[in-house]
Amino acid sequence: GTTDAPELMAVMLDESVQALSTYEEVKAELITFLIKYYKQEYKKVQLRNDMEFEQKAFLIRSIRDKILKLQKGELVTFAK
């Protein structure tokens, strides 16, 4: 990758942006991001009317399980 993109240069020059330096910091940020993502996906699935009940129930259980694991501090496999 190139570092001369204006967007990247702005981040590199912004002193308020701090790099995550430890595995635990990166993991915590990733878990926060994934919890938000899966909560949004959960809401989307709940509102869908174009799938069979069994498929919808499976997706809801799967997403709920991932959210619970993330809240316990475990990383989960990301799947769209």
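Note: hydrogens, waters and symmetry copies are ignored here, and every other heavy atom, side chains too, is used.
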Mark yes when over 12 heavy atoms from residues, nucleotides or ligands other than Glu52 sit less than 6.0 Å from its CD; otherwise mark no. no
I'd like to know whether CE of Met9 has more than 12 heavy-atom contacts from other residues, nucleotides or ligands below 6.0 angstrom. no
Should Leu30 and Ile35 be regarded as members of a common hydrophobic cluster, given that ILVMFWY residues are connected when their side-chain heavy atoms come within less than 4.5 Å of each other, either directly or indirectly? yes
Hydrophobic clustering (ILVMFWY, side-chain heavy atoms < 4.5 Å, transitive) - are Tyr42 and Phe53 grouped together? no
Roughly how far, to the nearest 0.5 Å, is [atom2] of [Y] from [atom1] of [X]?
X     : Y     : atom1 : atom2 : result
Leu68 : Ile63 : CG    : CD1   : 12.0 Å
Leu75 : Ile31 : CG    : CD1   : 5.0 Å
Leu70 : Lys39 : CG    : NZ    : 10.0 Å
Tyr38 : Ser62 : OH    : OG    : 7.5 Å
Leu59 : Gln46 : CG    : CD    : 11.5 Å
Tyr37 : Ile67 : OH    : CD1   : 11.0 Å

Shortest non-hydrogen contact from Glu29 toward Leu20: CG-CD1, 3.5 Å
Minimal non-hydrogen separation, Lys66 against Thr77, with atom names: NZ-O, 3.0 Å
Could you tell me whether Lys69 and Asp65 make a salt bridge, using a distance below 4.0 angstrom between a side-chain N and a carboxylate O? yes
Student check: side-chain heavy atoms of Thr22 and Lys27 closer than 4.5 Å: no
